[in-house]
There are 2 protein chains.
Amino acid sequence: MLPELKITPLRYVLAVVDQGGFHAAARQMHRTQPALSMAIRELESRLGEALFERGSQATLTPFGRYCVPRFRELITQHDRLSRELTAQVERQAGHLDMAAVPSVASRLMPGLLADFVVRYPGIRVSLHDGNADFVREQVLAGEVDLGLTSLWEGNAALGFTPLMRDGLGVVCRDDHPLAGREEVHWEELMGESLIGNGTSRMLQDTDAAALREHYAFYISNMISLTAMLVAGLGVTTLPRLAFPEEYERLRFIPLSEPRVEREIGLLQLAGRSLSPGARAMADFVARALE
Amino acid sequence: MLPELKITPLRYVLAVVDQGGFHAAARQMHRTQPALSMAIRELESRLGEALFERGSQATLTPFGRYCVPRFRELITQHDRLSRELTAQVERQAGHLDMAAVPSVASRLMPGLLADFVVRYPGIRVSLHDGNADFVREQVLAGEVDLGLTSLWEGNAALGFTPLMRDGLGVVCRDDHPLAGREEVHWEELMGESLIGNGTSRMLQDTDAAALREHYAFYISNMISLTAMLVAGLGVTTLPRLAFPEEYERLRFIPLSEPRVEREIGLLQLAGRSLSPGARAMADFVARALE
DNA sequence: CTTCTTGATCAATTTTTCTTATCGCTTACG
DNA sequence: CGTAAGCGATAAGAAAAATTGATCAAGAAG
């Protein structure tokens, strides 16, 4: 049965050694002198050997001299751990993995991350991007702490916090008849050369579901899609956030009827709390997007 | 102000993790389940972050998962230290430095040490030999924990525990007139070719002090001395323990008048306790020599 | 639906830790 | 030489902490 060494009495011993006396040590420790006397005596009896020479004042025994550096080492390790955990809790350190759909990753995250690293310089962030299914799977598998995506189907194991709405619109080239319009009704698209993409499932279960039958192409890759739009090969529907603003010739016209919106929000495992770093990010994102 | 982590609650956490539940852990720790619940809750509040998922049973939070290996590490280090100190106290480990006069070192210590290492296999011993002044200085300077010697002059800083008496006698070659005698009176030596040696000061302040004026030689080196005795160049006085029994032609005849004895015993710093290993040796030697 | 198990909670109690007051001893100083 | 100051030990009581026993609510198993 090996004795349990409590940290505090070890600290007392070091204080006595460093300060050269029980009184001075007590002052340093914000304790009274008898408190140290008794705590150290208790420690000695637990070890079965005196640490301080009795009679002589605050002189270490040979065994005490043997112990002191070891006590110091253990206390150092304790303090290091305590400091490390505190840093985690206070978000001065830590890391988090997150996944986001491409539109969020490329349009929202750059600015968000820039602010985040200023606010939490110690927290390292890994951001993975992929489509909504990918994000969902990553969160579900615990591969990432957080997802930033729109949720297509609920799941008891997932917790979703909506943060912003993102309305669907038509994207076409600037010389297209629809280009100057304020808004578009879905039936106006029936005659167009329609290009389907990954976000087209937003039309599912809406009045405009019939559009999905009329795709001339289906392109999942965003680069390819924009290239085709720029080439004037057709029009497509995209949520506003996914609309590539950097292409001068493309225009975004909101869909007025039906008004289709996706809800972008934070996805996480339900019933599972977040690491301090992940919570910092979740709170930060939620606050930034209101 | 960094929080003070007590070892026991950390152990509770590991027990819950390893046993997969509070009840099982409580059994292992010989505590009741509420004790663990409350201790862990207190630890959590001290850290400012939950370790276990509330609601779910004995599931770690991400922060908890982060902590567990670190807790385990600290506890391992604590236990290693505790074990190490216990080993010292129980004399299963340790070391000691001692010094002894040559006669003791060569005649007594070999057998003593052989038994000692059987009894205390973990304790390493360093044995230095030198004359009584050397031993005394080594002890006084704290260079060695223990001395095994005879004490010529007391000192408040030294503690001496007599263990055995060692009587002075005359040493001569087997063809010397005194060789067959049972004992010798000091006055019988006045006509002899007397060789003085380091132990001759035992005659100081005795009836035979006059002999010191009649030395034909003074030889401090034991090898030289025995060579001269074997060569028949004279006789000398030696305590029995210093008499080199391995020389077949030499004889030891006790001095009857005056009866001069040196007291051989343990020398140590007064008011300074011994290391566990040194105390083991001191007790061992004292018991062996009664 | 009932039963069993799990962890949480609360009050009571035991244990531990700390303080106040005091003692005996040593040291420094006039 | 004697006095005052400083030190650590000690005892008794107070405060704080840990632990228990009993009980509760919730989820899992039958």
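Note on naming: letters A, B, ... go to the chains in the order of the sequence lines (proteins, then strands), and numbering restarts at 1 for each one.
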According to the interplanar angle, ranging from 0 to 90°, do the rings of A/F63 and A/Y66 count as parallel (below 30°), tilted (30 to 60°) or perpendicular (above 60°)? parallel
Atom [atom1] of [X] to atom [atom2] of [N]: distance rounded to whole Å?
X     : N      : atom1 : atom2 : answer
A/I40 : C/dC18 : CD1   : P     : 11 Å
A/F22 : C/dC25 : CZ    : P     : 18 Å
A/E4  : C/dT17 : CD    : C1'   : 17 Å
B/Q19 : C/dG7  : CD    : P     : 12 Å
A/R27 : C/dT19 : CZ    : P     : 14 Å
B/L60 : C/dG7  : CG    : P     : 12 Å
A/M29 : C/dT19 : CE    : C1'   : 18 Å
B/R54 : D/dA26 : CZ    : P     : 14 Å

If only side-chain N and O atoms of A/K6 are considered, is one of them under 4.0 Å from the OP1 or OP2 phosphate oxygen of C/dT16? no
Would you indicate, yes or no, if C/dT17 has its OP1 or OP2 atom less than 4.0 angstrom from a side-chain nitrogen or oxygen of A/Y12? no
Neighbours of DNA chain C within residues 30-39 of chain A, by heavy-atom distance under 4.0 Å: A/R31, A/T32, A/P34, A/A35, A/M38
At 4.0 Å (heavy atoms only), tell me whether A/R41 reaches a base, stays on the sugar-phosphate, or touches nothing. sugar-phosphate
Under 3.5 Å donor-acceptor, B/R136 side chain and B/L151 backbone: no
Which heavy atom of B/S273 sits nearest a heavy atom of A/T61, and at what distance? OG-CG2, 3.2 Å
State whether the distance check finds a donor on one side and an acceptor on the other, under 3.5 Å, for side chain A/H23 versus base D/dG8. yes
Salt-bridged, B/D133 to B/R201, with N to O below 4.0 Å? yes
Atom CZ of A/R124: over 12 foreign heavy atoms under 6.0 Å: no
Any side-chain donor-acceptor pair under 3.5 Å between B/S103 and B/R262? yes
Atom CG of B/L43 and atom SG of B/C67: how far apart are they, to the nearest 0.5 Å? 8.0 Å
